[in-house]
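First the proteins, then the strands, lettered A, B, ... as listed; each starts at 1.
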Amino acid sequence: MMKPLPRHFYLAETLTVARSLLGCLLWRRTPEGVTSGIIVETEAYCQGDAASHAARGRTPRNASMFGPPGHAYVYFTYGMHHCFNAVTRAEGVAEAVLIRALEPVEGLELMGRRRGTDGRQLTNGPGRLTQAMAIDRTLDGADLTEGDLVIHGPAAGARDIVTATRVGITRARDEPWRFYLAGNRWVSKRQGGG
DNA sequence: AGAGCGATGGCCT
DNA sequence: GGCCATCGCTCTA
């Protein structure tokens with residue numbers, strides 16, 4: 001059986017964690033039921049990274065990024081979308097990995113009810129997967145090694161990983177800090193990467 | 001106290 | 001491919 005990724009997994013370099021999370025399973029439990037999916041696309045946000053929410057220092061919104069590793073950083077953006085990150089590095093170092101797409105495994109019907117759609121549209125984007133799995137700001141800071149929102153892994157062995165540039169940012173556009181599983185149909189966008 | 005804007009997605013063309 | 005809804009957070013005054 002897969003076990004929750006241990007705390008020390010998230011202490012590694014953020015670029016390494018971003019790649020290592022590919023193929024791991026994001027698992028979520030609510031009173032409605034369980035949903036889960038394999039992580040197929042990630043982005044790294046690092047210290048000194050102009051595109052990071054932590055670039056201008058600590059605020060109430062981004063405080064979780066400065067917290068201990070292996071916890072969630074969930075933020076709300078564009079007035080309607082939540083995005084989910086796994087916090088990396090030691091406490092005080094504000095780095096994180098944005099989860100951008102999942103390949104659904106459990107609870108597809110529940111995801112469909114939450115999303116009002118099905119198929120690829122369930123989880124092929126950062127705002128979509130949070131809606132499908134009922135992840136919002138109440139989970140900001142949640143421990144990802146136990147509880148109702150856990151990352152297990154790895155779900156499968158080594159696969160081909162594509163390196164690309166990140167999506168939807170205006171600063172540090174050229175940094176190759178997006179990673180996804182080659183050929184996976186759940187990846188949100190395939191262009192980019194220079 | 002208020003303006004500006006964003007790690008997006010849905011819908012239209 | 002383009003438009004734009006929608007609102008919390010940040011910055012400036």
Side-chain angles (χ1 to χ4, degrees), chain A residues 10 13-19 21-22 26 35 37 39-67 69 71-89 93-104 111-142 144 149 151 161-181 185-194:
Chain A
Y10 300 96
E13 289 213 15
T14 299
L15 292 174
T16 300
V17 176
R19 282 184 287 256
L21 280 173
L22 296 175
L26 179 62
T35 51
I39 296 168
V40 300
E41 181 180 356
T42 62
E43 285 180 1
Y45 287 85
C46 304
Q47 241 185 6
D49 174 2
S52 169
H53 285 175
R56 283 176 220 145
R58 183 181 184 131
T59 67
R61 179 205 200 194
N62 65 23
S64 295
M65 287 188 76
F66 292 79
H71 288 247
Y73 167 45
V74 181
Y75 65 88
F76 183 68
T77 191
Y78 290 101
M80 59 187 86
H81 302 294
H82 294 279
C83 292
F84 166 69
N85 300 248
V87 174
T88 58
R89 309 297 301 278
V93 181
E95 302 196 359
V97 175
L98 172 67
I99 307 302
R100 284 192 54 89
L102 300 176
E103 177 176 332
M111 291 184 190
R113 284 205 299 275
R114 289 170 176 157
R115 291 276 300 124
T117 184
D118 59 7
R120 218 177 144 254
Q121 305 300 314
L122 288 179
T123 53
N124 65 336
R128 293 169 177 174
L129 73 89
T130 54
Q131 185 180 24
M133 302 193 82
I135 295 172
D136 61 25
R137 282 284 283 177
T138 64
L139 287 162
D140 185 46
L144 299 176
L149 180 64
I151 301 179
I161 295 175
V162 179
T163 300
T165 54
R166 296 174 294 182
V167 176
I169 55 172
T170 55
R171 294 174 290 256
R173 304 181 83 125
D174 296 332
E175 301 291 357
W177 293 342
R178 179 162 74 104
F179 308 97
Y180 59 86
L181 293 181
R185 79 188 218 94
W186 301 91
V187 170
S188 66
K189 301 188 178 189
R190 302 202 181 176
Q191 68 274 24

Among A:F66, A:Y45, A:Y75, which one satisfies ring pair (Phe, Tyr, Trp, His ring centres under 6.0 Å) with A:H53? A:Y75
Atom pair distance, as rounded to whole Å: CD in A:E43 and P in B:dT8: 8 Å
With a 4.0 Å cut-off, would you call A:R89 and A:E95 a salt bridge? yes
So, do A:T42 and A:L98 sit near enough that their side-chain heavy atoms are less than 4.5 Å apart? no
Using the side-chain heavy atoms of A:L98, tell me which of these nucleotides is nearest: C:dG8, B:dA7, B:dT8. B:dA7
Distance in angstrom units between A:D140 CG and C:dG8 P, rounded: 15 Å
Which part of the nucleic acid does A:R61 contact within heavy-atom distance under 4.0 Å: base, sugar-phosphate only, or nothing? sugar-phosphate
Now, which nucleotide makes the Watson-Crick or G-U wobble pair with B:dC5, with each of the two distances under 3.5 Å? C:dG8
Whole Å only: how far is the NE2 atom of A:H53 from the P atom of B:dT8? 8 Å
Can you tell me the distance, in whole Å, between the CE atom of A:M80 and the P atom of C:dG8? 12 Å
For A:R178 and B:dA7, is the shortest distance between a side-chain N/O and OP1 or OP2 below 4.0 Å? no
Residue of the set A:L129, A:I135, A:T123, A:V40 for which side-chain contact (heavy atoms from CB on, under 4.5 Å) holds with A:I99: A:L129
Without decimals, in angstroms, what is the distance between A:R115 CZ and B:dC11 P? 10 Å
If you only use heavy atoms from C-beta on, which nucleotide in B:dT8, C:dG8, B:dA7 is closest to the side chain of A:V167? B:dT8
Whether A:R173 contacts B:dA7 is assessed here as follows: a side-chain N or O lying under 4.0 Å from the phosphate OP1 or OP2. Is that the case? no
Choose from B:dA7, C:dC7, B:dT8 the nucleotide whose nearest atom is closest to any side-chain atom of A:S52. B:dA7
Can you tell me the distance, in whole Å, between the NE2 atom of A:H82 and the C1' atom of C:dC7? 11 Å
Nearest of B:dG6, B:dT8, C:dG8 to any side-chain atom of A:R100? B:dT8
Spacing between A:I135 atom CD1 and B:dT8 atom P, to the nearest angstrom: 16 Å
A:R120 has an atom CZ; how far is it from atom P of B:dG9, in whole Å? 12 Å
Identify, between A:Y78 and A:R137, the residue whose nearest nucleotide on DNA chain C lies closer to the 5' end. A:Y78
Using a cut-off of less than 4.0 Å, is there contact between a side-chain N or O of A:R171 and OP1 or OP2 of B:dG6? no
Checking A:R114 against A:Q131: is there a side-chain donor and acceptor pair closer than 3.5 Å? no
From B:dA7, B:dG6, B:dG9, pick the nucleotide closest to the side chain of A:T77? B:dG6
